[in-house]
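None of these values were measured; they are calculated from a predicted model. Numbering of ligands and ligand atoms starts at 1, following listing order.
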Amino acid sequence: MPSDSSPAVSVRGLGLCYGRARILDDVGFDVAPGKVLALLGPSGCGKTTLLQLLAGLLAPSAGRIEILGAPVADAALGRFVPPEARGLGMVFQDYALWPHMSVAANVAFPLEMRGVPAAERRVRVAVALERVGLGAMAERRPSDMSGGQQQRVALARAIVAEPPLVLFDEPLSNLDPELREAMVGEIGALVAQLGLTAIYVTHDRTEAFALADEVAVMRGGRIAQLAAPEALIAAPASPEVAEFLNLGCVLPVRRAPEGWLIDGTAMLVATGGPDAQAARLLLPRRATLIGPAVEGRPRADVVAARFRGDGHVLTLRICGTELDIQVTSPRRVAPGEVVGLFCPPQDLRWFADPTTPLPAASSVAA
Ligand SMILES: Nc1ncnc2c1ncn2[C@@H]1O[C@H](COP(=O)(O)OP(=O)(O)OP(=O)(O)O)[C@@H](O)[C@H]1O
């Protein structure tokens, strides 16, 4: 048995190839017991493939997966434990319920697979349905239920056997936005209440940030950054991560005697910064304010402005790069106006120019 400090899930050097196409490459992470890891990334980055490797629906071409200290897949040793023997809970985007069997029969299935006696099954199914707020619907059929209710049935089925790990594959993407927000809250509450260990695949950063203790941002079959949501926002590891997380606008900049200019222009955007001639600079949305346009400060054209109850959301264009920011200006700023931009130097994030790497010590905020 693993000790208290052992991870519930441990993945090392995981890779998957289809023929010559490398779909996942050198993926590694740990998930501590009772924690939620979100796999976040754009379509095609390999999230679902990684989840299928964890579930045992695919075997890796390289690397190793351990669950509660036991190896369930090891490409080098040719070890592979099939899905039914891993005993995991799974929640899919399309619910994967038997539509004409009762809710209770759907939820009971993982217990039947484990040979749990009928009387105990009935009690545990009732408890799981109560937990997801469907205590009164045990005899209904999923085909007569709404999408949100069906997803609750799938949740009850995933937790009924108290599995060591629950895998969620974009569980909310078939629901409308309002219901999705409510379900994020419900899943979060259930995960916390039951102390579940979970891996949650999504391309929606709001969902990932709301539910996960740590988020792995994936790109092109690799983990680009793995960190707590707050750390991802405060210190994205690369311009690509910053752009995927929609943190602000990344500008190519070059050093001049007076400071940093947006590349190809005479517009000064920052002073200080790394010891380099060229870099990329993130102007974070959360820390950028607008004011009057003044000489020697960055400026932007207002492309669009819309009122959103608590302030105006502006779309700005800075030397050809667009940036949406929310400002709490009581004054409506009209499209076509030029505004000045202000961002405290400690909130700027510097990245190496792809052609001239920064010295390691300079890759943090100036
Ligand atoms: N059976 C297969 N044979 C060949 N390539 C595949 C196969 N299944 C998936 N792929 C490719 O693997 C890559 C990763 O797919 P995957 O479904 O894991 O991505 P994803 O991040 O989950 O995307 P989405 O959010 O769209 O589901 C994609 O480029 C996909 O085309």
Side-chain angles (χ1 to χ4, degrees), residues 9-29 31 36-65 67 72-73 75 80-83 86 88-97 147 150-151 154-155 158 165-177 179-181 183-184 187 197-212 214-227 229 232 236-247:
V9 185
S10 175
V11 171
R12 290 289 174 273
L14 202 65
L16 184 88
C17 297
Y18 285 121
R20 292 176 61 191
R22 198 181 289 266
I23 307 299
L24 287 177
D25 188 21
D26 197 19
V27 169
F29 57 81
V31 186
V36 180
L37 172 71
L39 304 176
L40 174 69
S43 182
C45 71
K47 309 180 292 292
T48 298
T49 304
L50 177 49
L51 212 66
Q52 289 175 335
L53 286 166
L54 289 157
L57 301 170
L58 285 173
S61 318
R64 173 182 171 90
I65 303 172
I67 296 177
V72 294
F80 182 75
V81 176
R86 296 191 188 187
L88 308 183
M90 297 193 61
V91 185
F92 300 96
Q93 177 176 348
D94 60 2
Y95 323 131
L97 301 171
Q150 290 188 51
Q151 200 50 296
L155 264 175
L165 173 66
V166 181
L167 304 176
F168 292 88
D169 190 4
E170 306 236 15
L172 306 182
S173 49
N174 281 345
L175 305 178
D176 62 54
L179 184 55
R180 200 184 294 181
E181 211 176 308
M183 285 292 287
V184 167
I187 293 176
T197 308
I199 298 185
Y200 189 101
V201 160
T202 180
H203 59 264
D204 183 317
R205 34 178 203 284
T206 324
E207 262 176 48
F209 289 170
L211 285 169
E214 289 203 308
V215 178
V217 180
M218 294 186 63
R219 281 180 64 88
R222 300 183 71 104
I223 294 181
Q225 188 172 7
L226 196 164
L232 281 179
S238 67
E240 291 73 26
V241 170
E243 274 165 357
F244 179 69
L245 297 177
N246 202 15
L247 298 183

For atom 5 (N) of ligand 1, the closest protein heavy atom turns out to be Y18 CD1, 3.3 Å
Given I199 and F168, is the side-chain contact (heavy atoms from CB on, under 4.5 Å) satisfied, shown in steps?
-> CA-CA 6 Å; I199 298 185; F168 292 88; over 6 Å; no
Can you tell me which residue and heavy atom of the protein come closest to atom 25 (O) of ligand 1, and the distance to 0.1 Å?
-> K47 NZ, 2.9 Å
Basic-acidic side-chain contact under 4.0 Å: R180, D204 | yes
Heavy atoms only: give me the nearest L54-I67 pair and the separation to one decimal.
-> O-CD1, 4.2 Å
Can a donor-acceptor pair be found between the side chains of Y200 and E207 at a distance below 3.5 Å?
-> yes
Ligand-side contact atoms (ligand 1) for residue partner T49, heavy atom cut-off under 4.0 Å | 14 (C), 15 (O), 16 (P), 18 (O)
Is it the case that more than 12 heavy atoms not belonging to E243 sit under 6.0 Å from its CD atom?
-> yes
Name the closest protein heavy atom to atom 19 (O) of ligand 1, giving the residue it belongs to and the distance to 0.1 Å.
-> G46 N, 3.3 Å
Six-ring centre of F29, R222 cation under 6.0 angstrom, axis tolerance 45° = no
Measure the distance from atom 26 (O) of ligand 1 to every protein heavy atom, then report the residue, atom name and distance (to 0.1 Å) of the closest one.
-> S43 OG, 2.5 Å
K47 and T202: which non-hydrogen atoms are nearest, and at how many Å?
-> CD-O, 3.5 Å
Which residue supplies the protein heavy atom nearest to atom 22 (O) of ligand 1, what is that atom called, and how far is it?
-> T48 OG1, 2.7 Å
For atom 29 (O) of ligand 1, find the nearest protein heavy atom and state the residue, atom name and distance (0.1 Å precision).
-> G44 O, 3.8 Å
May I ask you to check whether over 12 heavy atoms, not counting those of R12, lie within 6.0 Å of atom CZ?
-> yes
Does some non-hydrogen atom of C45 fall short of 4.0 Å from ligand 1?
-> yes
Between E170 and ligand 1, find which residue part has any heavy-atom pair under 4.0 Å and reply side chain, backbone, both or neither.
-> side chain
Please confirm whether P42 comes under 4.0 Å of ligand 1, counting heavy atoms of the residue only.
-> yes
May I ask you to identify, for A21, whether its side chain, its backbone, both or neither come under 4.0 Å of ligand 1 on a heavy-atom basis?
-> neither
Please state which protein non-hydrogen atom is closest to atom 11 (C) of ligand 1 and give its distance, to 0.1 Å?
-> I23 CD1, 3.8 Å
